[in-house]
Novice: 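What follows is a single structure, and I will ask about it in a moment.
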Amino acid sequence: MKRVRNLLKAIAALTTMLACAPAVAGWEPTRPVEIVVAAGAGGASDQMARMMQAAIRKNNLMKQPTVVSLEGGASGAEALMYMKSSEGDPNKVLIANSLIYMLPLSAKIPFNWRDLTPVAVVALDQFVLWDNVNGPKTVKGFLAAAKAASPPFKMGGTGSKREDNVLTVFIEQKTGVKFAYLPYRSGGEAATQLVGNHTESNVNNPAENLEVWRAGQVRALCVFDKERISYTAGVTDTQSWNDIPTCKEEGLDVQYLMLRAVFLPGKITAEQQAFYVDLFQKVTQTPEYKDYMQEQALKPVFLTGNDMLKFLEEDDALNKSLMTQAGFVAK
């Protein structure tokens with residue numbers, strides 16, 4: 001009996017010790033993590049990478065430091081191929097946008113986003129239909145004027161065969177209106193051209209037209225989303241972002257959003273993937289992320305796993321269909 005009592009005491013002591021012991025830590029990086037940007041310095045992806053870098057550092061979300069790597073060569077193809085060639089390396093993360101669908105189609109590069117490991121969709125860009133403050137005051141009036149115009153209304157946008165160009169094609173398909181699309185180097189340049197009456201409209205993201213909207217030089221006609229922009233703080237003397245109606249409310253049933261997501265290279269373990277899902281979920285809770293979302297008027301969202309894959313497949317199919325119909329797919 002004494003031996004039994006001693007054995008039971010030993011078991012009880014061992015159980016208590018195991019219960020009190022810290023859980024075995026999961027995988028985490030053991031060297032600096034490279035945040036890869038498929039663009040040059042100062043662009044939207046670079047700004048988002050810098051925000052994430054600051055959020056991770058200031059909130060002590062990871063032991064290892066991060067390094068932002070700009071790989072914008074060949075319109076971003078350099079970054080995509082760099083990630084593709086980094087299979088099995090869990091110390092590289094890509095800040096991705098809709099380029100991951102569009103560039104392989106328009107430039108025929110041997111890249112497929114499915115070769116990478118998805119982590120999370122961390123935000124979405126909304127697009128707004130803008131015209132000059134002296135132009136039509138409503139979507140209905142704008143489309144009627146555009147349909148009657150000869151030569152066609154000029155639609156300014158950032159780049160060729162990219163989001164602004166594809167969205168313009170989408171509007172044409174829905175309305176029967178034909179635009180003369182003019183590609184510019186940036187949304188800022190597209191905004192300047194609209195203010196100067198060199199174009200009749202653009203579909204800039206909110207932040208790209210912020211200053212000229214605030215100055216009363218352009219008009220926000222509608223936002224291409226199923227719901228209004230969420231931010232209710234005043235921007236102009238009379239309007240907030242939330243005051244802009246959706247295009248569907250105005251009779252133009254077009255919805256188009258731009259991806260902001262994080263990917264790892266291919267052949268990453270589930271444990272490594274889980275670390276980054278957790279990391280970027282924590283990033284979305286930081287003051288840095290929340291301030292950035294409001295400053296840029298971005299749509300906060302966090303999708304992972306099957307929800308992310310479903311979004312990517314649907315978004316890929318939409319962009320491929322629009323690019324094919326527009327003749328943007330390389331032969």
Novice: Nearest heavy-atom pair of Ser75 and Leu99: which atoms, and what distance?
Specialist: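 For Ser75 and Leu99, the tightest heavy-atom pair comes out as O-CD1, 3.4 Å.
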Novice: Can you sort out the partners of Lys282 under salt bridge (charged side-chain N to carboxylate O under 4.0 Å, His left out), two or more places apart, ordered by chain and number?
Specialist: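 By the salt bridge (charged side-chain N to carboxylate O under 4.0 Å, His left out) rule, Lys282 matches Asp278.
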Novice: Answer yes if Met258 and Val254 sit in the same cluster of Ile, Leu, Val, Met, Phe, Trp and Tyr residues linked by side chain heavy atoms under 4.5 Å apart, and no otherwise.
Specialist: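 In one cluster with Met258: Val254, yes.
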Novice: Is there a side-chain contact between Val36 and Phe263 in this structure, where contact means two heavy atoms from C-beta onward sitting under 4.5 Å apart?
Specialist: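 No, their side chains stay 4.5 Å or more apart.
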Novice: Could you verify whether a donor N or O on one side chain and an acceptor N or O on the other, from Glu172 and Thr168, lie under 3.5 Å apart?
Specialist: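 Per modelled atom types, Glu172 and Thr168 side chains form no pair under 3.5 Å.
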Novice: Does the side chain of Val128 reach to within under 4.5 Å of the side chain of Asn209, using non-hydrogen atoms?
Specialist: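 No, too far: nothing below the 4.5 Å cut-off.
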Novice: Judged by atom type as modelled, is there a donor-acceptor pair below 3.5 Å linking the side chain of Lys84 to the main-chain atoms of Pro110?
Specialist: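 A pair under 3.5 Å: yes.
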Novice: Which pairs, with at least one residue in residues 101-112 and sequence neighbours excluded, count as a side-chain hydrogen bond (donor to acceptor under 3.5 Å, both in side chains)?
Specialist: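 Applying side-chain hydrogen bond (donor to acceptor under 3.5 Å, both in side chains) to every pair that reaches into residues 101-112, excluding sequence neighbours, yields Tyr101-Asp315, Asn112-Arg114.
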Novice: Is the side chain of Tyr292 donor-acceptor paired with the backbone N or O of Pro287 at a distance under 3.5 Å, no angle test?
Specialist: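 It does not hold such a pair.
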Novice: Could you list the residues that satisfy ring pair (Phe, Tyr, Trp, His ring centres under 6.0 Å) with Trp241, not counting sequence neighbours?
Specialist: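 Ring pair (Phe, Tyr, Trp, His ring centres under 6.0 Å) check on Trp241 returns Trp213.
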Novice: For the atom pair CZ (Arg57) and OG1 (Thr66), what is the distance rounded to the nearest 0.5 Å?
Specialist: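 If I round to the nearest 0.5 Å, the distance is 7.5 Å.
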Novice: From Leu105 CG over to Asn319 CG, what is the distance, rounded to the nearest 0.5 angstrom?
Specialist: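 Reported value, rounded in 0.5 Å steps: 8.5 Å.
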Novice: Report yes or no: do Phe302 and Val121 belong to one cluster of Ile/Leu/Val/Met/Phe/Trp/Tyr joined by side chain heavy-atom distances under 4.5 Å?
Specialist: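 Different hydrophobic clusters.
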Novice: Over all heavy atoms of both residues, which pair between Ser201 and Leu194 is shortest? Give the atoms and the distance, please.
Specialist: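 Distance-wise, the nearest heavy atoms are N-CD1, 3.5 Å.
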Novice: For atom NZ of Lys320, is the number of surrounding heavy atoms from other residues, nucleotides or ligands below 6.0 Å larger than 12?
Specialist: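 Counting neighbours around NZ of Lys320, 12 or fewer heavy atoms of other residues, nucleotides or ligands fall under 6.0 Å, so no.
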Novice: Below 4.5 Å, heavy atoms only, C-beta onward: do Glu200 and Phe179 meet side chain to side chain?
Specialist: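 No, too far: nothing below the 4.5 Å cut-off.
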Novice: Looking at side-chain heavy atoms only, is the closest gap between Lys310 and Asp307 below 4.5 Å?
Specialist: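 Sidechains of Asp307 and Lys310: no contact.
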Novice: Grab the two heavy atoms, one from Leu94 and one from Ala79, that are nearest each other, plus how far apart they are.
Specialist: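 Closest heavy-atom pair between Leu94 and Ala79: CD1-CB, 4.4 Å.
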Novice: Do side-chain atoms of Gln193 reach the backbone of Thr199 as a donor and acceptor pair under 3.5 angstrom?
Specialist: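 Checking the backbone N and O of Thr199 against the side chain of Gln193, no donor-acceptor pair under 3.5 Å is found.
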Novice: Taking salt bridge (charged side-chain N to carboxylate O under 4.0 Å, His left out) as the definition, give me every residue that meets it alongside Asp131, ordered by chain and number, with sequence neighbours left out.
Specialist: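 In terms of salt bridge (charged side-chain N to carboxylate O under 4.0 Å, His left out), with neighbours along the sequence ignored, Asp131 is linked to Arg219.
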Novice: In the single-linkage hydrophobic clustering (I, L, V, M, F, W, Y; side-chain heavy atoms under 4.5 Å), do Met323 and Trp113 co-cluster?
Specialist: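 Not linked; separate clusters.
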Novice: Measure the shortest side-chain to side-chain distance between Glu250 and Lys140 over non-hydrogen atoms and say whether it is less than 4.5 angstrom.
Specialist: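 The answer is no; the side chains never approach within 4.5 Å.
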Novice: Within the 3.5 Å criterion, strictly below it, is a donor on Glu71 or Ser69 matched to an acceptor on the partner's side chain?
Specialist: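 There is such a pair (donor and acceptor under 3.5 Å, judged by atom type) between the side chains of Glu71 and Ser69.
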Novice: Given Thr284 and Gln281, is the side chain to side chain donor-acceptor pair (under 3.5 Å) satisfied, shown in steps?
Specialist: CA-CA 5 Å; Thr284 64; Gln281 184 169 34; over 6 Å; no
Novice: Would you indicate whether the side-chain heavy atoms of Thr269 and Gln272 approach each other to under 4.5 Å?
Specialist: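 They are in contact (side-chain heavy atoms under 4.5 Å apart), so the answer is yes.
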Novice: Check the side chains of Gln273 and Thr117 for a donor-acceptor pair under 3.5 angstrom, ignoring hydrogens and angles.
Specialist: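 No donor-acceptor contact under 3.5 Å links the two side chains.
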Novice: Can you check whether Pro29 reaches Tyr276 side chain to side chain, under 4.5 Å on heavy atoms?
Specialist: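 The answer is yes, as the side chains (C-beta and beyond) meet within the 4.5 Å cut-off.
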Novice: Between Asn204 and Trp130, do the side chains contain an N or O donor and an N or O acceptor separated by less than 3.5 Å?
Specialist: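 No pair is found: no donor N or O on one side chain lies under 3.5 Å from an acceptor on the other.
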Novice: Determine the minimum heavy-atom distance between Pro206 and Gln296, stating which atoms define it.
Specialist: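 Answer, listing the atom of Pro206 first, then Gln296: CB-O, 4.4 Å.
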Novice: Closer than 4.0 angstrom, basic N to acidic O: yes or no for Asp89 and Lys92?
Specialist: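 Looking at Lys92 together with Asp89, the answer is yes, because their closest N to O distance falls below 4.0 Å.
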Novice: Should Tyr82 and Ile268 be counted in the same cluster of Ile, Leu, Val, Met, Phe, Trp and Tyr side chains packed under 4.5 Å apart?
Specialist: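 No, Tyr82 does not connect to Ile268 through the hydrophobic network.
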Novice: Under the criterion side chain to side chain contact (heavy atoms under 4.5 Å, CB included), I'd like the reasoning laid out for Leu221 against Lys137: C-alpha separation, chi angles, the key distance, then a yes or no.
Specialist: CA-CA 7 Å; Leu221 293 175; Lys137 296 181 179 180; 5.9 Å; no
Novice: What residues, two or more places apart in sequence or in another chain, satisfy side-chain hydrogen bond (donor to acceptor under 3.5 Å, both in side chains) together with Asp225?
Specialist: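 Testing Asp225 for side-chain hydrogen bond (donor to acceptor under 3.5 Å, both in side chains), a comparison that skips the adjacent residues, returns Gln126, Lys299.
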Novice: Please tell me whether Tyr289 and Gln294 have a donor and an acceptor in their side chains that are separated by less than 3.5 angstrom.
Specialist: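 No donor-acceptor contact under 3.5 Å links the two side chains.
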Novice: For the hydrophobic clusters of this structure (ILVMFWY residues joined by side-chain heavy atoms under 4.5 Å, transitively), does one cluster hold both Ile95 and Leu116?
Specialist: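 Not linked; separate clusters.
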Novice: Rounded to the nearest 0.5 Å, what separates atom CG in Asn97 from atom CZ in Arg260?
Specialist: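 If I round to the nearest 0.5 Å, the distance is 7.5 Å.
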Novice: Show your reasoning for whether side chain to side chain donor-acceptor pair (under 3.5 Å) applies to Glu288 and Asn59.
Specialist: CA-CA 9 Å; Glu288 290 77 15; Asn59 296 281; 3.0 Å; yes
Novice: Do you know which two heavy atoms are closest between Ala55 and Val283, and how far apart they sit?
Specialist: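 Minimum heavy-atom contact is CB-CG1, 4.3 Å.
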Novice: Looking at side-chain heavy atoms only, is the closest gap between Val166 and Phe328 below 4.5 Å?
Specialist: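 A side-chain contact exists here, since the closest heavy-atom pair is under 4.5 Å.
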Novice: Distance only, no hydrogens: is a donor on one side chain within 3.5 Å (strictly under) of an acceptor on the other, for Ser186 and Glu189?
Specialist: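 Note: Ser186 and Glu189 side chains miss the donor-acceptor criterion.
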Novice: Would the distance check show the side chain of Asp243 and the main-chain N or O of Ser240 forming a donor-acceptor pair, the cut-off being under 3.5 Å?
Specialist: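 Yes, because the side chain of Asp243 sits within donor-acceptor range (under 3.5 Å) of the backbone of Ser240.
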Novice: Taking the six-membered ring for Trp and the single ring otherwise, decide whether the centroids of Phe127 and Tyr256 are under 6.0 Å apart.
Specialist: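 Yes, the ring of Phe127 comes within the 6.0 Å limit of the ring of Tyr256, centre to centre.
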Novice: May I ask you to check whether Glu208 and Asn202 show a side-chain donor-acceptor distance below 3.5 Å?
Specialist: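 Side-chain D/A pair, Glu208 to Asn202: absent.
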Novice: Show which side-chain atoms of residues 144-158 pair as donor or acceptor with protein atoms under 3.5 Å away, not counting sequence neighbours.
Specialist:
| residue | atom | partner | partner atom | Å |
| --- | --- | --- | --- | --- |
| Lys147 | NZ | Thr175 | O | 3.3 |
| Thr158 | OG1 | Gly187 | N | 3.1 |

Novice: Where is the tightest heavy-atom contact between Ile35 and Ala49, given as atom of each residue plus distance?
Specialist: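 Closest pair (atom of Ile35, atom of Ala49, distance): CG2-CB, 3.8 Å.
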